[in-house]
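Read the structure below first, then the notes.
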2 protein chains.
Amino acid sequence: MNLILLTPRDFQSDTEVLLRGRRFQHMTEVHRAEVGDRMKVGRLNGLIGEGEITGRGDDHIAMSVTLHKQAPPPLPLTLILALPRPKMLKRTIQHATALGVKKLYLINAYRVEKSFWQSPWLAEEKLREQCLLGLEQAVDTAMPQIELRKRFKPFVEDELPAIAEHSRKLVAHPVTDVPCPVDIQQQTTLAVGPEGGFIPYEVEKLQEAGFQSVHLGPRILRVETALPVLLSRLFPAD
Amino acid sequence: MNLILLTPRDFQSDTEVLLRGRRFQHMTEVHRAEVGDRMKVGRLNGLIGEGEITGRGDDHIAMSVTLHKQAPPPLPLTLILALPRPKMLKRTIQHATALGVKKLYLINAYRVEKSFWQSPWLAEEKLREQCLLGLEQAVDTAMPQIELRKRFKPFVEDELPAIAEHSRKLVAHPVTDVPCPVDIQQQTTLAVGPEGGFIPYEVEKLQEAGFQSVHLGPRILRVETALPVLLSRLFPAD
């Protein structure tokens with residue numbers, strides 16, 4: 001938790017907040033926060049700044065906050081990701097959020113096991129929790145928007161063209177001669193397949209939608225490794 | 001397992017191998033391998049090629065292999081990494097291996113908890129297992145070399161100058177104005193701190209040894225995310 005994220009309901013006034021629950025616990029147990037301590041805070045979907053602890057009870061911390069700094073810029077990206085297995089889903093959401101992804105579609109694909117869609121971690125509240133952890137890690141405040149699409153074909157045929165309009169369209173796919181471009185300053189829609197990759201039919205459908213296949217070199221990477229590799233390569237931060 | 005890694009003791013002759021244990025199990029249970037199936041194989045620290053299953057018993061698989069292709073090129077890198085917490089250690093070793101790291105020093109730092117050094121995952125055999133998983137994932141055969149250094153100062157003062165000689169020396173450190181360079185084709189020694197970063201004294205010691213501090217943008221990333229981000233940025237694969 002490199003940033004304490006504040007939600008509208010935390011605010012008692014424009015500058016006074018009251019924190020309970022998970023953040024109270026983390027601040028007392030991990031940061032060992034005492035009255036007078038100062039910490040980095042940010043308003044959800046708003047500015048970043050500093051908070052000073054002004055009071056501490058058995059179950060709450062009071063802070064006085066000043067917010068003045070913009071959150072880091074979002075990636076100019078819409079990420080289309082085949083739903084990862086539940087074990088990887090949490091980490092992947094956290095990573096993607098920490099890296100600045102703000103628009104994420106979790107989609108079906110042939111090699112996504114049906115059972116993955118039953119994961120309790122797909123509940124809106126659970127996804128939001130993982131996003132919060134990613135934002136707190138990366139010192140960011142802008143909550144990503146995550147959409148679930150359980151049918152590949154209707155998504156790619158009917159929805160994707162509008163989603164990807166006016167953007168550079170890439171699909172990470174090992175079986176191509178074109179290396180993934182480096183340092184593009186361009187609105188991008190990036191599709192990443194499941195473990196084992198998209199099947200040829202899926203790659204074809206994406207190509208019909210204007211997506212170009214790009215590879216990451218001879219190494220086959222897990223999705224959780226490939227994602228930071230791709231994003232860092234496309235958008236190295238200043 | 002995108003590659004079946006073969007060790008010298010698997011070879012019955014120049015082209016015949018016999019596999020038992022973990023690989024036998026994986027090939028029968030995950031790949032559902034049958035006689036006649038062909039799979040990608042590689043000789044540990046050697047060439048990559050193809051194997052055809054010629055026989056299958058209750059506890060073993062026999063293959064006939066031909067090896068003809070070079071493993072992917074290693075990163076021109078020595079990685080100096082503050083020992084991650086045990087939970088992260090396994091993943092970090094796997095990621096680093098999959099990404100092509102061949103020389104890794106796990107070192108102590110002020111913010112490395114003493115207990116981390118007690119982790120059973122630091123045993124040579126355990127580290128080797130994680131490296132094997134990383135190689136099998138990335139379709140690589142070259143086993144990384146991992147060294148443990150439990151004392152920061154003697155390592156940095158006495159050993160690091162020779163290790164880093166004739167290489168570009170970088171330390172990932174958020175508190176600097178210099179962004180990490182992009183796409184350098186240069187032998188590099190890269191130091192990455194623990195959660196919470198190197199302390200100023202440690203950064204100074206590294207700077208005295210010729211290391212330049214570089215940052216990855218305004219976002220603070222976990223080591224397991226920062227590592228693929230750094231390596232992809234420094235060495236985007238062709």
Side-chain angles (χ1 to χ4, degrees), chain A residues 1-3 30-31 40 48 69-75 87-88 91-92 94-101 133-140 174 177-183 195-197 214-238, chain B residues 1-3 30-31 40 48 69-75 87-88 91-92 94-101 133-140 174 177-183 195-197 214-238:
Chain A
M1 212 187 261
N2 296 310
L3 173 86
V30 180
H31 294 299
K40 205 172 271 188
I48 288 172
K69 217 180 113 187
Q70 294 291 332
L75 295 184
K87 210 178 75 177
M88 266 183 161
R91 279 210 297 276
T92 306
Q94 280 190 40
H95 286 184
T97 306
L99 290 162
V101 173
L133 293 174
L135 294 176
E136 290 171 349
Q137 168 64 38
V139 191
D140 190 1
D177 288 335
V178 183
C180 178
V182 173
D183 197 0
E195 278 178 72
V214 295
H215 72 70
L216 282 174
R219 299 174 179 282
I220 309 289
L221 301 175
R222 278 179 192 282
V223 170
E224 57 174 343
T225 320
L227 203 59
V229 164
L230 276 162
L231 300 184
S232 162
R233 179 170 174 134
L234 290 168
F235 311 110
D238 294 329
Chain B
M1 213 187 258
N2 297 310
L3 174 85
V30 180
H31 294 299
K40 206 172 267 187
I48 288 173
K69 216 181 114 188
Q70 293 291 332
L75 295 185
K87 208 177 74 176
M88 266 183 161
R91 279 210 297 276
T92 307
Q94 279 190 40
H95 286 184
T97 305
L99 290 162
V101 173
L133 294 174
L135 294 176
E136 291 171 348
Q137 168 64 39
V139 191
D140 190 2
D177 289 334
V178 183
C180 178
V182 173
D183 196 2
E195 278 177 73
V214 294
H215 72 70
L216 282 175
R219 300 173 180 281
I220 309 290
L221 301 175
R222 278 179 192 281
V223 169
E224 56 174 343
T225 320
L227 203 58
V229 164
L230 277 161
L231 300 184
S232 163
R233 179 170 173 133
L234 290 167
F235 312 110
D238 294 327

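A quick note: this is a predicted structure, and the numbers were derived from the prediction, not measured.
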(request) Any chance you could measure B:Arg91, atom CZ, to A:Glu224, atom CD, to the nearest 0.5 Å? (result) 6.0 Å
(request) Determine the minimum heavy-atom distance between B:Thr225 and A:His95, stating which atoms define it. (result) OG1-CD2, 3.4 Å
(request) For each of A:Leu227, A:Ile220, A:Asp183, tally heavy-atom pairs with chain B at distances under 4.5 Å, and name the one with the top tally. (result) A:Ile220
(message) So for A:Leu221, is it side chain, backbone, both, or neither that comes closer than 4.5 Å to the heavy atoms of chain B?
(response) both
(request) Measure the spacing between OG of A:Ser232 and CG of B:Leu231 and express it to the nearest 0.5 Å. (result) 9.0 Å
(request) Just give me the residue among B:Cys180, B:Gly217, B:Pro236 that pairs up with chain A most often, heavy atom to heavy atom, under 4.5 Å. (result) B:Pro236
(request) Give the member of B:Ala71, B:Pro218, B:Pro72, B:Pro179 that has the highest number of heavy-atom pairs under 4.5 Å with chain A. (result) B:Pro72
(request) Answer yes or no: is there a side-chain heavy-atom contact under 4.5 Å between B:Pro228 and A:Val229? (result) yes
(request) For chain A, find which of B:Val139, B:Leu216, B:Leu3, B:Leu99 contributes the most heavy-atom pairs closer than 4.5 angstrom. (result) B:Leu99
(request) Measure distances from A:Asn2 to the heavy atoms of chain B and classify the residue's part below 4.5 Å as side chain, backbone, both or neither. (result) side chain
(request) Return the option, out of B:Ala98, B:Pro73, B:Gly196, B:Gly134, with the maximum number of heavy-atom pairs under 4.5 Å with chain A. (result) B:Ala98
(request) Taking all non-hydrogen atoms of both residues into account, name the closest pair between B:Asp140 and A:Arg219 and its distance. (result) OD2-NH1, 3.0 Å
